Amino acid sequence: MKRYKRGLYVGRFQPFHKGHLQVIKRILEEVEELIIVIGSSQVSHELDNPFTAGERIAMVRRALTEEGIDASRYYLIPVPDTNMHSIWVNIVISLTPPFEVVYSNSPLTRRLF
C-alpha cells in the first residue's frame with residue numbers, strides 16, 4: 001500500500017547504476033509517483049561529472065523502461081546547482097510538481113529539506 005502520493009529523489013547519477021535502480025524500485029513501493037531530480041544538471045565533461053544532464057536523463061529512462069517501470073509513475077527533472085544552500089530547496093520546489101517526501105543519500109540534501 002502506498003503511503004505517499006508523490007516523492008522526490010535527488011541524485012547526480014554520474015552515472016546511473018544498479019544501486020540507483022534498486023533505490024528507485026524501493027521508493028516506488030512507497031509512493032504513487034516519483035520525481036527524480038537530476039542534480040548538478042549544469043555540470044558535465046569533468047572527471048567526477050562526465051555526463052550531460054540529457055545523457056543522464058536518457059540513462060535513467062532507459063534503465064527504468066528495461067525494468068518495466070511505467071513512465072507515468074515518474075518525472076525526470078534536471079536541476080542546476082546553486083552555491084547558496086539557503087535557496088536551493090526553493091529552487092527545487094519551483095522546478096518540480098508538489099511532493100510529500102524526499103529521498104536522498106546525501107546528508108546535506110536531507111538536512112536542507
Side-chain angles (χ1 to χ4, degrees):
M1 183 169 152
K2 310 280 186 258
R3 295 187 301 172
Y4 300 103
K5 168 76 174 150
R6 189 177 295 132
L8 181 91
Y9 178 41
V10 179
R12 286 183 312 118
F13 309 113
Q14 288 277 19
F16 188 78
H17 54 68
K18 290 180 182 182
H20 294 129
L21 178 60
Q22 292 307 312
V23 168
I24 289 171
K25 288 169 63 174
R26 185 187 58 77
I27 294 170
L28 285 170
E29 294 174 1
E30 299 179 10
V31 300
E32 293 176 26
E33 296 177 336
L34 181 60
I35 303 162
I36 302 168
V37 168
I38 307 297
S40 304
S41 65
Q42 82 288 359
V43 182
S44 66
H45 299 90
E46 298 176 350
L47 186 59
D48 290 336
N49 298 290
F51 300 104
T52 66
E55 290 170 327
R56 291 180 275 159
I57 288 169
M59 276 187 250
V60 174
R61 181 172 287 128
R62 182 173 180 172
L64 298 180
T65 299
E66 288 178 0
E67 200 65 24
I69 297 171
D70 185 346
S72 70
R73 301 235 13 240
Y74 63 88
Y75 303 83
L76 291 165
I77 300 178
V79 174
D81 287 336
T82 178
N83 292 327
M84 297 173 59
H85 296 312
S86 62
I87 64 169
W88 181 75
V89 168
N90 288 326
I91 291 170
V92 172
I93 290 169
S94 75
L95 295 173
T96 61
F99 53 88
E100 298 169 290
V101 61
V102 176
Y103 300 88
S104 177
N105 192 40
S106 163
L108 176 60
T109 298
R110 290 193 305 266
R111 188 171 70 235
L112 291 174
F113 275 97

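If you're wondering where the values come from, they're calculated on a predicted model, not measured in any experiment.
No chain of hydrophobic side-chain contacts below 4.5 Å, direct or via other Ile, Leu, Val, Met, Phe, Trp or Tyr residues, connects Tyr4 to Val10. Criterion: ILVMFWY side-chain heavy atoms under 4.5 Å apart, direct or through other members. Under it, Ile57 and Ile24 are part of a common hydrophobic cluster. Under the 4.5 Å side-chain heavy-atom criterion for Ile, Leu, Val, Met, Phe, Trp and Tyr, Ile77 and Leu64 are members of distinct hydrophobic clusters. Note on Met59 and Val37: separate hydrophobic clusters, where clusters join Ile, Leu, Val, Met, Phe, Trp and Tyr whose side-chain heavy atoms are under 4.5 Å apart, directly or indirectly. Leu21 and Val23 fall within a single hydrophobic cluster, where Ile, Leu, Val, Met, Phe, Trp and Tyr are joined by side-chain heavy atoms under 4.5 Å apart, directly or via other members.
With values rounded to the nearest 0.5 angstrom, Ile69 atom CD1 is found 5.5 Å from Leu28 atom CG. Atoms CZ and CD1, on Arg61 and Ile36 in that order, are 9.5 Å from each other to the nearest 0.5 Å. Separating the CD1 atom in Ile38 from the OG1 atom in Thr52 is a distance of 10.5 Å, to the nearest 0.5 Å. Atom CD1 of Ile35 sits about 11.0 Å away from atom CG of Leu76, to the nearest 0.5 Å.
When the side-chain contact (heavy atoms from CB on, under 4.5 Å) test is applied to Asp48, no partner is found at least two apart in sequence or on another chain. The salt bridge (Lys or Arg N to Asp or Glu O under 4.0 Å) check on Arg62 picks up Glu66, with sequence neighbours excluded. When the salt bridge (Lys or Arg N to Asp or Glu O under 4.0 Å) test is applied to Arg26, the partners found at least two apart in sequence or on another chain are Glu30.
Within the 3.5 Å criterion, the main-chain N or O of Val102 finds no donor-acceptor partner in the side chain of Arg110. Remark: the backbone N or O of Val43 is not paired with any side-chain donor or acceptor of Ser40 at under 3.5 angstrom. Arg56 places no side-chain N or O within 3.5 Å of a backbone atom of Gln14 that could act as its donor or acceptor partner. Side chain of Arg73 to main chain of Glu32: a donor-acceptor pair is present (N/O by atom type, distance under 3.5 Å, no hydrogens or angles).
Of all the heavy atoms in Ser41 and Pro80, the pair that sits closest is OG-N, 3.1 Å. The two residues Gly7 and Val31 come nearest to each other via the heavy atoms N-CG1, 3.9 Å.
For residues 54-98, the set of pairs meeting the ring pair (Phe, Tyr, Trp, His ring centres under 6.0 Å) definition, not counting sequence neighbours, comprises Trp88-Phe113. Within the structure, the ring pair (Phe, Tyr, Trp, His ring centres under 6.0 Å) test picks out the following pairs touching residues 7-61 (sequence neighbours left out): Tyr9-Phe13, Phe13-Phe16, Phe13-His20, Phe16-His20, His17-His20.
Gln42 has its side chain within reach of Asp81: a pair of non-hydrogen atoms, C-beta onward, lies under 4.5 Å apart.
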Show every donor-acceptor pair shorter than 3.5 Å between a side-chain atom in residues 89-100 and any protein atom, with sequence neighbours excluded, or say none if there are none.
unit_1: Ser94; atom_1: OG; unit_2: Ile91; atom_2: O; d: 2.8
unit_1: Thr96; atom_1: OG1; unit_2: Val92; atom_2: O; d: 2.9
unit_1: Glu100; atom_1: OE1; unit_2: Lys5; atom_2: N; d: 2.5
unit_1: Glu100; atom_1: OE1; unit_2: Arg6; atom_2: N; d: 3.3

